[in-house]
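Each residue takes its place number in the sequence, starting with 1. Note that the structure is predicted; figures quoted are calculated from it, not measured.
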Amino acid sequence: MDFFFRDNMAPSTPLLTVRGSEGLYMVNGPPHFTESTVFPRESGKNCNVYTFSKDGTVFAWGNGEKVNIFNVTNKGLLHSFDLPKAVCLEFSPKNTVLATWQPYTTSKDGTAGTPNLKLYDVKTGTCLKSFIQKKVQNWCPSWSDDEIICARNVNNEVHFFENNNFNTIANKLHLQKINDFVLSPGPQPYKVAVYVPGSKGAPSFVRLYQYPNFDGPHAALANKSFFKADKVTMLWNKKATAVLVIASTEVDKTGASYYGEQTLHYIATNGESAVVQLPKNGPIYDVVWSSSSTEFCAVYGFMPAKATIFNLKCDPVFDFGTGPRNAAYYSPHGHILVLAGFGNLRGQMEVWDVKNYKVISKPVASDSTYFAWCPDGEHILTATCAPRLRVNNGYKIWHYTGSVLHKYDMPSNAELWQVSWQPFLDGIFPRKAVTYQAVPSDVRSEEPKAATAYRPPALRNKPVTNSKLHEEEPPQNMKPQSGNDKPLSKTALKNQRKHEAKKAAKQEARSEKNSTDLAPTPAPQSSAQNTVSQSTSGDPERDKKIKNLKKKLKAIEQLKEQAATGKQLEKNQMEKIQKEKALLQELEDLELGV
């Protein structure tokens, strides 16, 4: 069933859906931001869930009494179902089926409860099938994009149905204790990634299969096993050629992180697999694929966190340096990337032009709990929602150049629970050239107050000393030079840095020697005096200082070599390296007798 209505029209602007204590309603997108007449506002505080179809033409919501299906195109109600306890709703990719879930309950006498996962035909309103689904985790069946196959995880097996016929199980994938699975996006051939947690000393593993080839020892397209995994997140790229697996443990046994321990693995359908080497230790906050399917961005490491783009060989392509960030969001067209710090961070965003690796803007969305790109690839939605934050609820619409185009603040006695864009299918909105000039706006920009560090009373009338808690790393292009077609491996890169550091040290030593040789020698007096003049200046105090300076410079050279090999230096060691120039100048002055 296809309600899509924009084929022969210029794309309209996506609507915004707002759910809160003021009710459920829709708002016109940029540039108007007025309440939409497409959907009649439902007042009251009872609306607890809503969802759009993938193409944005059908809308469903639950109001504590019924679940309703609404045709956005024709502005008409299609069906209502008596499901007062429904808390989860989801449409199949082509709007054929609406899946609903309500908490599973058993009767007082201990007999099994009634099926709580229901699948409805959107066209006729009939219930196609009911299942018992006890856990809310992975409650919704997974469809292929063309709805030819549909899959559910049942008792450690994955059951496959074909053509939305839920009365017959077409295929089964059976592995001992399958914990999770993810179907690949896109057309045939269909692929599935499955995760089996480790037990009794055996490692956890993720395997990739092509539907329906599940039997036999060599049926898997790829396999990756690993220890240290209590749970995993599996992310297919858009072309279904590879999966990124974030493996997490609940507890970091080293005690280094409150967040547990994470590792990032790459698995391709051609059988290749690798551990993605992340240059900085610490949690993995976010990993996202580019829409091109050839690159992915990872945000990782103890704060200030690093962000790096990797290619399909898991080699770094561009390093964004360090900053206060814990999330990454590619635009729908993949040409703009937003790095942001939400949650316990201050809401700083960096908007990057991915093609040229240039910063477009650096807006700040304080107290944000939600971020979403508009399907047009031009606008951004940020919101502060309850229950995460119960004060200062509201939302803002930005242009990616940093301008706030619209702002809505909830009244002090009201809460915002959810806000989101109406989805559109890929390709509806054309990709536009990146602009760096801020778009004009009527909304007055509120510059966030710069937070000043606390200063004790005894220091308040004294000059401020600039001391940083962390050394910030600047952005860095990691692509190989045009002369080298093949990027260097990590070991080769380390050896190259080591070699370059040694070479630089030798050149510096040679230049020092030359400067000493070229220095004017005093007139010869006696052979004894001559010997002394080569090794000392005649002033024991000055000689002592020169010796100490050379000792410090030698230590700095050793530190630089360690840094070149990739070793993480301490703060005091970095400070020593920064003093090298001043020490060289001091040594030169002493040797010249200034």
Side-chain angles (χ1 to χ4, degrees), residues 1-9 11-17 19 24 26 29 36 38-40 42 47 49-63 66-83 86-102 117-131 133 138-152 160-167 182-188 190 238 332 372 374-376 418 420-429:
M1 182 176 184
D2 191 357
F3 288 113
F4 194 60
F5 61 99
R6 306 180 185 103
D7 295 338
N8 302 314
M9 302 166 55
S12 56
T13 309
L15 298 167
L16 274 169
T17 307
R19 181 176 72 87
L24 176 72
M26 293 186 186
S36 173
V38 167
F39 178 80
E42 177 144 330
C47 179
V49 61
Y50 74 77
T51 189
F52 264 108
S53 62
K54 193 175 178 182
D55 64 5
T57 60
V58 190
F59 179 74
W61 78 100
N63 58 14
K66 294 178 181 291
V67 167
N68 306 296
I69 304 178
F70 185 82
N71 188 329
V72 180
T73 316
N74 304 327
K75 305 181 185 179
L77 188 68
L78 294 175
H79 304 289
S80 287
F81 310 111
D82 288 319
L83 295 167
V87 291
C88 297
L89 305 174
E90 194 78 41
F91 282 103
S92 61
K94 295 179 75 178
N95 313 347
T96 310
V97 178
L98 173 68
T100 70
W101 183 88
Q102 58 188 35
L117 167 60
K118 296 179 185 290
L119 305 178
Y120 291 93
D121 186 318
V122 173
K123 194 171 186 178
T124 63
T126 56
C127 183
L128 298 171
K129 188 70 176 175
S130 297
F131 297 102
Q133 172 67 35
N138 302 327
W139 71 271
C140 188
S142 293
W143 280 270
S144 59
D145 284 353
D146 57 11
E147 293 192 16
I148 298 294
I149 64 169
C150 176
R152 284 186 71 228
F160 291 87
F161 307 93
E162 293 184 352
N163 300 308
N164 287 325
N165 177 9
F166 298 102
N167 295 313
V182 184
L183 278 184
S184 65
Q188 297 187 38
Y190 313 116
K238 208 170 182 180
C374 179
D376 66 7
Q418 189 180 0
S420 61
W421 293 105
Q422 174 192 16
F424 276 59
L425 291 176
D426 292 341
I428 297 298
F429 289 95

> Given side chains that start at C-beta, do those of D55 and F91 come closer than 4.5 Å, heavy atoms only?
Replying inline: no
> Looking only at atom types and distance, does a side-chain atom of W139 sit under 3.5 Å from a main-chain N or O of C88, one as donor and one as acceptor?
Replying inline: no
> Between L83 and Q102, what is the shortest heavy-atom contact and its length?
Replying inline: CD2-OE1, 4.1 Å
> Could you give the distance from CG (L119) to NZ (K129), rounded to the nearest 0.5 Å?
Replying inline: 9.5 Å
>> If we check side chain to side chain contact (heavy atoms under 4.5 Å, CB included) with V58, which of these qualifies: L98, T73, N95?
In response: N95
> How far does CG of D121 sit from OG1 of T126, to the nearest 0.5 angstrom?
Replying inline: 4.5 Å
> Taking the six-membered ring of F131, is NZ or CZ of R152 closer than 6.0 Å to its centre and within 45° of its axis?
Replying inline: yes
> Who passes ring-ring contact (aromatic ring centres under 6.0 Å, His included) against W421, sequence neighbours left out?
Replying inline: none
> So which heavy atom on A99 is nearest to which on P141, and how close?
Replying inline: CB-CD, 4.4 Å
>> Tell me if the aromatic rings of F70 and F59 count as close, with their centers under 6.0 Å from one another.
In response: no
> How many angstroms lie between CD1 in I69 and NZ in K123, if you round to the nearest 0.5 Å?
Replying inline: 14.0 Å
> If you measure from CD1 on I148 to SG on C150, what distance do you get to the nearest 0.5 Å?
Replying inline: 12.0 Å
> Heavy-atom distance under 4.5 Å between the side chains of F81 and C127, does that happen here?
Replying inline: no
>> Any heavy-atom pair between the side chains of V49 and V87 that's under 4.5 Å?
In response: no
>> Quick one: does any side-chain atom of Q418 pair with a main-chain N or O of R19 as donor and acceptor, under 3.5 Å?
In response: no
> D82: what forms a side chain to side chain donor-acceptor pair (under 3.5 Å) with it, not counting sequence neighbours?
Replying inline: K66
>> Checking E42 now: which residues fulfil side chain to side chain donor-acceptor pair (under 3.5 Å) with it, not counting sequence neighbours?
In response: W61, N63
> If you take all heavy atoms of V97 and V122, which pair is closest and at what distance?
Replying inline: C-CG2, 3.7 Å
> How would you list, by chain and number, every residue that makes a side chain to side chain donor-acceptor pair (under 3.5 Å) with E162, sequence neighbours excluded?
Replying inline: Y211
>> Less than 4.5 Å apart, side chain to side chain, heavy atoms only: is that true for L89 and Y50?
In response: no
> What is the minimum heavy-atom distance between E147 and N164, and which atoms define it?
Replying inline: OE1-ND2, 3.0 Å
> What's the verdict on side chain to side chain contact (heavy atoms under 4.5 Å, CB included) for Y120 and H79, showing C-alpha distance, side-chain angles and the deciding distance?
Replying inline: CA-CA 10 Å; Y120 291 93; H79 304 289; over 6 Å; no
> What residues, two or more places apart in sequence or in another chain, satisfy side-chain contact (heavy atoms from CB on, under 4.5 Å) together with S36?
Replying inline: L15, M26, N28, V38
> Do S142 side-chain atoms and A151 backbone N/O form a donor-acceptor pair below 3.5 Å?
Replying inline: no
> Can you name the nearest heavy-atom pair linking K238 to P185, along with the distance?
Replying inline: O-CG, 3.8 Å
> Excluding sequence neighbours, so at least two apart, what forms salt bridge (charged side-chain N to carboxylate O under 4.0 Å, His left out) with D145?
Replying inline: K54
> Taking side chain as C-beta onward, heavy atoms only, is L24 less than 4.5 Å from T17?
Replying inline: yes
> What are the two closest heavy atoms between W143 and L183, and how far apart are they?
Replying inline: C-CD1, 3.8 Å
>> Checking the side chain of N163 only, and the main-chain atoms of N165 only, is there a donor and an acceptor separated by less than 3.5 Å?
In response: no
